[in-house]
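No hydrogens, no waters, no symmetry mates; every other heavy atom, side chains included, goes into these values. Here is how names work: the chains are called A, B, and so on, in the same order as the sequence lines, proteins then strands, and each is numbered from 1.
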Amino acid sequence: MDKVQEKTSRKKILNNLILHLHPKVIPESTLRFTLTFGLGGMTALLIVLQALTGLLLRFVYVPTPAGAYNSVLHIKNELVIGSFVRNIHYWSGSLLIVIVFLHMLRVFFTSAFHERRKSNWVFGVILLILVLLSNFTGYLLPWDQLAYWAITVVSNMLNYIPVIGESINSLVLQGTEVGAPTLILFYNLHTGLVPLALIILMAFHFWKVRKAGGVIIPGGGERKGQKTVSVMPHLLAREFVVALVLLAVVFLLAVILEAPLQERANPLSSPNPAKAPWYFQGFQELILHFHPTIAVVLVPVTALVLMFSLPYLKYGETITGIWFISKTGKKLSLISLFVAITTTPAYIVFDEYVIRTTNSESLFGNGIITFVVLSLLIIGFAYLLRRKFNVSRAEIVQTLFIYLVSSFIVLTITGIFFRGEGMALTIP
Amino acid sequence: MNINDNKKIPRRSFFKKIWVLLGLIAGAETLYLIFDFLSPRHRKGTKGNVIFIDAGDVDTFKNGSVTSFRKNSFYLVRLKNSGFIALSIKCTHLGCAIIWDEDKGEFICPCHSSRFDVRGKVHQPPATRPLDTHPVVIEGNRVKINTGRTIKRSGIDKAPVVFA
């Protein structure tokens, strides 16, 4: 075989590989970076990075209470790039949650979940849950104080689920407290079942995007009559740049910031404060304000039901591919964001210093009443928009979505940065 | 017209239904078997377990004292009326290990600042339930605590106080 032939056959193989993910040509308008910000691709790359670093860590890690902490110390201190690999695994895991979340927001705000994309939104939500599960099961593995008590706190939240809570708790812990059986379960989920499910569903997610004709066309245009360009090199070059930048960011983080590792887990001594992993601190913050059953059952279940049903609500005519639907949509979004990031902290402070001190006994009554009042306020607000200002259904759903999501983000940030000793409000 | 012609379709759909049914049964069985693997190992017998800890002579515990048995995950309280009560170390809020504060005369959870009195009653939320207890038995002159059994209480009235 001469050189030219060899080159073309190599190109064919590469082409084949890429064209399994991408079509041969795509509409030129979808190349625009601000349409997708490359978030879906970033997610995929981070998951590959997690798989590779995870495979390496798995050679050294020992999933027993006696051996876990020492093996992590060994990775951290003895191996040449052990600390680097562990840091990459830690930071890209956290980054994964952020990017997946942003990806979801992007899909929502460009209305890319209607018609043929309905079911893929649902698969996306499942993937988001899997990413959270993957992070959560990995959180226990270092077996330090941080890990031990975070898992204790979160698994005890499950106890507040009526009737079946305690059985679920003992299923998660594989006993009554965090111990060797818990570690085995978490290790197996983290390195086996969850990644497997992630990879299978991810492939499905990609395939569904292709079946829907690729990413959403900006401006709500039809696929027919669009000016097209070839994927090689137009899309590929752009993807390559995004991938390199992302890798650079992750590597930089891994070099600068050491993944936390506290003292070895001690079941007899709780740290002050003991916090849930950062991505669950929104719920932890909720527990401080509402009765636990509301915070860990009513709110998450409602949120999940809303998330899954989002594409199947009645929207009437839908506009796709435009950020925030319309000018009105944009304005309402901003108002909603503003209301959320002012009222939520105000409520947190009010509850901390006024309600809590006067009403300590009837927590349940307090929680239910507050929850109902807040829900009614939100529904009333939606009703007002629909009747008085004649806003479309899609715009109302968007406005409420922004309100709820931003409130939850505020709660999470409060939990991460503004809760100090004894979970009292502090300034970081 | 042949009589068999009419019967053909019901028979086929009947078999189809049988297949679906068999599939469902197989699915349920598989799920059951998977959950069998996942079910907690020590579920059987946990509640009725008897693990007695010999705490010591009755007279070594003064009235109105709290003695720490952290290694066995409980505090032994002797109330002012000379009754014994064994409180679990596990905070009822989210499972952290409580600490006895001698100066304030309260149990304090370091994680989320719940406070409990010597009988385990909630002094300050976020905890909503009093502390769990273990049965105390006085045998002769010895105080023994059955840590194999944990009693959950909803109200403080049922505090299982034992007198020597």
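- The local environment of CD in A/Q262 is crowded, with over 12 non-hydrogen atoms from other residues, nucleotides or ligands closer than 6.0 Å.
- Of the residues considered (A/K275, A/M157, A/Q284), A/M157 shows the highest number of contacts with chain B, using heavy-atom pairs under 4.5 Å.
- For B/T92, the part lying under 4.5 angstrom from a heavy atom of chain A is the backbone only.
- Residues B/C96 and A/V153 are in side-chain contact: their nearest non-hydrogen atoms beyond the backbone lie under 4.5 Å apart.
- Here the shortest heavy-atom pairing between B/S73 and A/L268 reads OG-CD2, 4.0 Å.
- With values rounded to the nearest 0.5 angstrom, B/L38 atom CG is found 9.5 Å from A/N188 atom CG.
- Taken to the nearest 0.5 Å, the OH atom of A/Y160 stands 5.5 Å off from the CG atom of B/L94.
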